Every structure is written in C-alpha cells, then in structure tokens.
Amino acid sequence: MKKYDPKTIEPKWQQTWADTKLYAAITGDTTRAKYYMLTEFPYPSGAGLHAGHTREYTLGDVMARHKRMQGYNVLYPMGYDAFGLPTENFAIKHKIRPQDATAQNVAVFRQQFDSLGLSIDWDREVNTTHPDYYRWTQWLFLKFFEEGLAYQAEMPINWCPFEKTGLSNEEVVDGKHERCGTPVEKKLIKQWMLKITAYADRLIEGLKTVDYPSRIADQQVNWIGRSEGAEIDFAVGDHKVTVYTTRPDTLAGATFLVLAPEHPVVDQITTDDQRQEVEAYVKQAQGESEIDRQNTDRTKTGVFTGAYSTNPITGAKVPVWIADYVLASYGTGAIMAVPAHDERDFAFAAAFDLPTSAVMAAPRTKTALLLHGLEGHNQKAWYPWLKAQLESFGYNVIAPNMPNAEFPTLEEWLAALEPLANQLGPDSVIIAHSLGAPTAAQFILKHQLKIKHLLLVAPTFPDMPWGAYPKEYFSTNGQNVHDITMVPVDWSKLASAAGRITVFASQNDPYIPYDLLKQHVAANLPKAQFTTFPAMQHFSEGGNINTLPAAIPVLVDDCFTGYAPLINSGQFNGLEGAEAKQAIIKHLEAKGSAKTAVKYKLRDWIFSRQHYWGEPIPIVHCEHCGAVPVPEDQLPITLPDVEHYEPTATGESPLAAITDWVNTTCPKCDGPAKRETDTMPNWAGSSWYYLRYMDAGNNQAFASPEAMKYWGEVDLYLGGMEHTTLHLLYSRFWHQFFYDQGLVPTTEPYAARRGQGIVLAADGRKMSKSIGNVVNPTDIIESYGADTLRLYILFMAPYDETTPWSEERLAGASRFVWRVWALAQELIEAHAFTRAMKPGPGDAFETEVDRATHKAIKKVHDELGGMRFNTAVSALMEYVNFLSGAKTKTRLLEPASAAVAWRALNTLVQLLAPITPHMSEELWQQLGWEGSVHVAGWPKYDPELIKDDVVVIVVQVNGKVRANFAISPDATEAELTEAALADPNVAKYLNDGKLVKTIVVPRKLVNFVVK
RNA sequence: GGGCGGGUGGUGGAAUGGUAUACACGGGGGACUUAAAAUCCCCUGGCCUCACGGUCUUGCGGGUUCGAUCCCCGCCCCGCCUACCA
C-alpha cells in the first residue's frame, strides 16, 4: 500500500500546477461565466503569514476551486500591499533599503502561498511599491486633483514631542507613542486631503445595491454618520456665531451657547475680565492628551467668555461659553445648549449651575416621592415649584397623605407612606427635605425599595447622630414640641437600595453648619455626592416662589431627549417633532438667520504621510503657479535612493532633505519649483488594486476598458472585519469617483463582501508574539501537510466566527485525511479500475452506496455554495465513515462491487478536491485519469436517486416523543395514523385520556393531543 | 452611552417550527502488540432505573403553537466595533 506522504506529493503537484498554468484566468473568455474571487492582499511583513492570513486565503481558495470545478472562468489573484511604516521601520533598524526589505518579505510570502496550495493566477501578481504599479496610483490621484477632490489644508497630525516625529494612528496606543511612551500631542501642518465627504450620501446609497453582511453595512452607515438639522445664527456683539443642531424644535430651550475652544471667534468675543481664564483654558485644551479625550465619563469643563447672545424665540439673554465637549471638527464647532433636552448640555449646566428651561413636557412615566419635612423652612412655598420641576422631567409626583402634617411621629409617618411603597420602582426618585430625610431612609430600608435616586435636601442636624432629631430645636423656637423619636439610621445600607444618593445643602442655611454637614456626608454615605442647591439657597435667603430666578437649577439626573408638544416656545407651542422643526427653521429663514443643513461624522481623508516609504504625491509647488500636477508623461515620480529614512524634526518627510530630488522646474512656467515631499498613505495602493488584477501587465492604462468590462464587479470579496470603515470605505469612494469620471464600468467595486473571524490562540487569547502563543502555518505544513491544515481551518468553526486554535482538533483533521487515503488505497488495490465501468446502480447494496454518494454530492455542494465550510467537511466525514464502516467496506472490496466502488471513490476525490487539492490530485492520478481533478468538472447528483425508500416517522403524544417507526415516504395520513396507533408505548399514553386532535405531518411525524 | 453579533454537553460546534446535542475533540472500555505509539471497535448531557423505560435540559422570565434552540415581548450576561458628532 502506498503511504500517504504530503511532503512529497504537495510540492510535486504545486510545481505541476505552476508549470501548466492550471489556474490562469482568461480575460474575454465568453464560453464560460466569469467569477472574480478576491481576498485582501497581505502586507508583507518580516513575520510571514500568520494564522489569520491562512484562514482568509484558504477560504478564498476553496471558493475559487469549487467555482472553477463548476466550469466558471475564475479569477483568483494575489499581490502585495507593501508601502508603509512597518517596512520603513524595519529598513531603518536593519540599515537596508525598504525596497530590499520588501523584496525579501515578498519572497517569503510567495513561498508560503505556494506551500498552502492556493490556486492563484500568478501572472497577475501586483506589488503596490513597483513603479509600474504606483505610476497608476499617482495617475489616479491626479484625477482627484483635477476634479478638485484633492486639496491642501492645515490639519493636525499626531506628534511625539520627545522624538520630534509625526506618528500614524497605529503608532498611538492609549494616547502614547508606542515606541517611547511619550504622551502624543497634536501639531498643525499643511496636508493633502481627499474629499471623501463629497461622496458621503453615495457611499450610503450604494450599500443598497451590494450584498454585505449587516454588521459591515451598518458600521459603514454609522461611520458616515449622516444627520439632518439646521444651522442657526446667533449674534454675539458684532460677531455672528453659527451653530449646528439636529433639534431646532428645542430652540426656545437654548439657555446658553458653547463654542469649541479652537473656534475662530473666541478671541474676538472674549471680554477683558474673562480673557485670562479663557486663554488658559484654550491652551489647556490644546495640550490635552489623547488619554484625557478618550476618557468617556470625564466631568465637563469649560469657561465663560463674558459674551452674551440672545435666544431668537424667547429673547432671553444667553451666555456664551467655551468647552472641549464641543468639537471644532464637527458641524460648525459651536452649539446652542438646551440642557433640559440634551444629556451633555444637561451635564454641563449641572456642573456650572447654568439655567435650564424645559420646552417640552416629558411624558410622565416615572414616579417621584416628595417627602417634605417639618415646617420651619418655607417648604410650603417651594413644594409646588419642585412638583412642576419634576413633572417637566417626566415624573408623576406623589406625596404621603398626612393627617397631622405638623408634627408626626415616625410611626405615623411610616403608616402614611405604607400605601405608596408599591408605586416606587427602579426608575423612581425620592426627594426628602429636612426631617423627611431620615424618614425616607427608614422607609426604604423597611420595604427594601430599589430606587434610582435618593435626593436628601439638607437632611438633619449634622451634630447629632443621623436620624435623631433634637427636641431643643423646636423648644428654642418656642414651638409646641411633639414627642418625636427617630430610630438612628444605618445610612451605609442605603447605598445598595438607591442607585444614587445626592445630598443638597445651601451654604447660607442658617440652621445647618455647611462644613459639618459635608463631613457627615463623606463619613456616612459612601455612595453619596454632596452638592449645593441654589434654589434652596434662594429660599434660605428669604426669597419665595415669586422671586425665584429664571435660572432653574438642575435637580434630577436625567433629562427628556424625546419628542413631545412644545411648551414655553411662544408661537410654536403645541407643535411637535418634524413639524416644530420646520416651523422654527422657516421662521428664522425668513429673517435670514437659519437654514437646513446636513452634516456627517465622516471627515475628509488626510492623504499625506510624512514618511519615505509611500507613493510620492505627483505635485510640484511653484512660486508663481502654486500646486501644479506633474504631467502624465512624466509619471511615475519614483522614490530616490536615500541614505536615511528617519522622519525629520520639522515634521516633514525625509524626502524634504534630498535637495536633488526636491528641486525641479515648474511644468507650467519652467521656473524653479519644489516637489511635494509628502507621500501617500498605504490605503492608496489598496484602493484600486482589484482593478489592476484584471489587466496586470498593461502599461498604457491602469486597466483596459475591455478587461474591466469583462470582469465587472468582484463577485466575492473576503477580508478582515477591521477594514470595514477604512480600506473598504476608501476603495468604494475611489471606485464611485472613477465611475463618475467614466474610468470604470460599474458603480460599486464589490458585489458581495464577507469577513472571516479571528483565529485566537489555543489559550483563548489573541495570538501575540510577546505572549508566544502564535501558530506558524509553515510549522503546521511541515508536520501535517497543507491539506490537513486546510481541512482543519474549514472545519474548526463557521468561517466568520472568532474561534480558538486547537492542536488536538488539528490532529483529528489529520486522522481523517489519512483515513481517506487508506480507504482509497485499499479500493484501488482490490480492483482493476477502468474508466469503462458501468454507470448505473445495480442491486440493493449498490443503490445504498450510490444513494449515500449522491446525498454527499448534494450536501457538500450546498454547504460550500453557502460558505458553510464546517458542515461541508462534516458531511464528507459522514460519507467516509459510511464507506469505511466495516460492513460497507467489506462488500466494496468484493470483486462484484468494482463499479460502485469506482463511482464512490471518484466522487469522493472530486468532492474533496477544493479542500484537500494535493491529495485529491494524487488519488485522481492513481485512479487513472490524465488531466487535473481541478478542471475535471464538479459531480452532479441525481434527485431521483437521493429519495429514501423509507422514512422514520416520529410519534408524539402531547408534543412529547413516545415512539418512532419506518414507513414508505408515500404513506397516506390514514396509514401514518394507523401505524402510530399500533405502537404499544403510544397506546399506553393514549389510554390515559381522551384523544382530542391528531396532527399528521407527512414524512415527518404524528402528534396525538390527549386530554 | 450607541451599533452589531452571540449565549446549546467537559471543549469546538450541529439543528431556522417537527426525534436537541450531527460531525469532531477530550474522556472511558475493549481488540491488536512482549510493550508502547499508531490503528480499529464499543460507550460517552444530567437525574431515577438491573432493565424496559421515565424525567429534566439549548442564559433567565413570560407569550404564540398540537409542538419552540428556532417566532414575539421583557430581562441578564459575554464579545466586537464605536464613542462628548450637538
């Protein structure tokens, strides 16, 4: 018996396939349907292929092979995305040229691709760093320039102040430079930009015409972040501030404006007395590290500019602030703050005691218990005010019904509260004033209430044990003292009941020493927040409800951000949602101070890199003519050979130091000029490489129109999920632009996109060199062979799931491959196979084997077509288990079974060919075939043959399985019912009650419903 | 906070309204062997039972249905992406 030896047969067939150009795709072949299978080309790093690459390319290869065997003209190309920082750094470190480093790495990758047995058409190989390739990248860039979509602007770059170098986003980890740990700063420099925002809507629209998984399509839509709203002008002194808002309906509730610290008007509107503070804040905001900005629940900071504007609806005076929560890069860099209806504005208003004005009544879906204390403060005056406040935040306000509200005892108090306990849920708040505070605590603990927020307004005397109330207080006031006794409260237990506890106090309260109260809060309420309460201050100072300032303090920790009919909005009262927005915009539009506007989160693409190893941007800067494109016939602008690749201390590219190269003449006026020294990002070459594969050798055009027309859209594009919002979006943008320029025939580059899951290390963590848990595909091929590796990769999990690597399961895959080989050898040795074997099934045994064979064809075909590779493999395992089972195999080895064995074995080899191409090719040859199995066609199944003679019918009683029996699939309902009733176990259950209903599902089950 | 996935044996996973746990890994037992490895065969969700069989089980709680891992409603947990985008 021939021994299975992957180390011999795999390289042998790889060589044969290469020599015969077996996988060549034929441009223009109209005799077959085309299929363009694309996998993302790799960045050829020094580390070689990793497990993720192996998964991606194996999946792509199986798809390509399956399609090819079905007769498609398959294009499955490969190339290298080789520009970029890793190679540049590698070259600096090892003191070699990046060109040489790339060539070395590419050679390693190529060898590894071949060893995996990938069916790639290598005549179409591309490399983004070859001048023949990047000539066209530059040419395409000039198209953007000609159309005004490539422009220059001052943009911040990541800057390491220690190494004095610009950094890519990848080099910034947790806000620090990954090499030296220095906090990264921003530095403004002039950079090239691509106007991807001009295609924002098209990029969203185009998604409707392609087949992308929702997680990818949704993420792109999310990333583009389209929002519709309005720009509204506010006069600030002589200046105009335009804000962007999606909620113009809430305009009347705008109680202040906030500008980004970098907003150009800040300097001009700041008043002299605020200038110092404002300048300090602006400076601080500039130096803010990435770490601070990434902190999500940071408290709001900001500074008042001293300037005021006017609310165009209410006429109220609105202060103008600056704060870093407003981003200069989004919208207009300025907002109108509506704290009553926006969470961020709400938090800002809370932090700086800014006024709040509700312009919508929130639907009352939550409950607030208002527990006022004894008289003595003017709680009677502010009770209705507080009630109105809470209602505007969507609370139903409830209060205990107190028979003797003057001086109740604790027992009386709790008895009055008793009926309210079940009205309080996790959304509820309790607000308790004065003696109500310890009462609320007792109430919560007694009923084990879970509430959202407990607000204690000046709880009780701080110099007494919490919860006890001093008689002296009343007697000194000359009051009639009721015998009040309060049980001391264990305040720490409240922390688990109330989601939040806030203790409010007034600095001017005549009865409560402020500092002492603060101390007690800190000591006794671990979860509590202590804060002053301006409204209470107002009352403490003798004010009443009528003199309450328009500045209404923030009281509860949520605000209503939904839609409801407007209030406090003058002529717009009663309007709601879109109607209200329209009415308000129209009103302001008439005065010329507002217009509708659409904004995107998507920013224009910063297309400059201050590095050597990238495509030079083909622009010449001339003193007279400005930025001038390099004429087409002078392309490519090649990279000069240089000694040093290190970035410069000025933030410029190393190319800037090469005067020979930089100094040139202006193509327009022949005057002295300088070349652009920035290079393109490594997303440039990958934005159009799929087009180059269609016509890789063309030196007249990036690809011929004929080739692009023939290959059309990529039929299936497989790659990593991490490229969803960068590479995938960028290349769609380029393609849509090319379409508009008449350069490509299709509107979208990729008809379908799929993302493969991540391969984790066996320990469930990410594979990482530093942990030392990486799997090297070359090692696996060395020990098991590429066919085993491929089979295992397909079998380990659904292709798009993240799943851990397992050496044990890999060994299992290996056992399967060996079993197939052994079975094939036994059959080949037992029979003198010839190609003239009789075709059809014979006796019952042959029918049984043929049926299994054709079922396997159907199953494997369907599963591969649906990319369910793991179940395709298990179907093959079941089929092989059947063939090699002792009973079947013994008969297959008998001379009379030669024909059926031949049919089975040929089919098995064909079905395995996309998965284990080398072994299949070897066995195909051993079976006596001349050509390659990979172009030998894909087996077809006979639908008649796979129909079973008998089916197993399940019998249920009240939905529980009680028996099963085999019967002809054509059995009638009556026959099924009769057979089901005949089962003794079923009869047993039917005797227990009355049969009320019988459900019969032909070929599946019978269910008796018994009462 | 937002978006998108997911939760099934000891493990990877199968089943998209009809016998839950296919296929594989791991584990147990056996055959072969002087022995081991390899290979082959049998068993392998929990509980009760000598057995026949029964019973429970797909994150939790409800609902729809003769029947729910699958459909609907409400929760909990995990992963990925994203994040002060007005």
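This one's a predicted model, so the numbers in the text were calculated from it and none came from an experiment. Heavy atoms only: backbone and side chains are in, while hydrogens, waters and symmetry mates are out. Residue numbers start from 1 in every chain, and the chains themselves are labelled A, B, ... in the order their sequence lines are given, proteins ahead of strands.
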Residues which pass side chain to side chain donor-acceptor pair (under 3.5 Å) with [X], listed by chain and number, not counting sequence neighbours:
X	value
A:Thr58	none
A:Gln220	A:Arg732
A:Glu863	A:Arg868, A:Thr871

May I ask you to decide if the ring planes of A:Phe352 and A:Trp321 are parallel, tilted or perpendicular, using 30° and 60° as cut-offs?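 Tilted: the ring planes of A:Phe352 and A:Trp321 meet at 30° to 60°.
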
Aromatic rings A:Phe560 and A:His341: how do their planes relate, parallel, tilted or perpendicular, breaks at 30° and 60°?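 Because their plane-to-plane angle is over 60°, the rings of A:Phe560 and A:His341 count as perpendicular.
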
If [N] has a Watson-Crick or G-U wobble mate with both distances under 3.5 Å, name it; if not, just say none.
N	result
B:G1	B:U82
B:U69	none
B:A14	none

Quick test: give all pairs of protein nitrogen or oxygen and nucleotides 44-48 of chain B nitrogen or oxygen below 3.5 Å, distance rounded to 0.1 Å.
none

Please state how far atom [atom1] in [X] lies from atom [atom2] in [N], giving the value in whole angstrom units.
X	N	atom1	atom2	answer
A:Met796	B:G12	CE	P	14 Å
A:Arg962	B:G67	CZ	P	14 Å
A:Asp800	B:G6	CG	P	9 Å
A:Leu760	B:G12	CG	P	11 Å
A:Leu257	B:A86	CG	P	18 Å
A:Leu602	B:A83	CG	C1'	16 Å

Is it true that A:Asp249 and A:Arg247 make a salt bridge, defined as a side-chain N closer than 4.0 Å to a carboxylate O?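 Yes, charged N to carboxylate O under 4.0 Å.
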
Quick one: which of A:Arg753, A:Arg754, A:Arg215 gives a salt bridge (Lys or Arg N to Asp or Glu O under 4.0 Å) with A:Asp800?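 It is A:Arg215, the one option of A:Arg753, A:Arg754, A:Arg215 that forms the salt bridge (Lys or Arg N to Asp or Glu O under 4.0 Å) with A:Asp800.
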
Show me the donor-acceptor pairs within less than 3.5 Å that the side chains of residues 808-824 of chain A make with the rest of the protein, sequence neighbours left out.
residue: A:Glu808; atom: OE1; partner: A:Ser806; partner atom: OG; Å: 3.4
residue: A:Arg819; atom: NH2; partner: A:Asn881; partner atom: OD1; Å: 3.2
residue: A:Trp821; atom: NE1; partner: A:Lys2; partner atom: O; Å: 2.8

Using atom C1' in both nucleotides, what's the gap between B:A24 and B:A15 to the nearest angstrom?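 Their C1' atoms lie roughly 16 Å apart.
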
OG1-CD distance between A:Thr596 and A:Gln582, expressed to the nearest 0.5 angstrom: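 One gets 9.5 Å once the value is rounded to the nearest 0.5 Å.
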
Protein-to-nucleotide contact annotation, 5' to 3' order, nucleotides 20-32 of chain B [B base; S sugar-phosphate only; - none; under 4.0 Å, heavy atom]: S-BBBBS------

In terms of side-chain heavy atoms of A:Asn1007, which of B:G53, B:C66, B:C84 is nearest?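 Side chain of A:Asn1007 sits closest to B:C66.
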
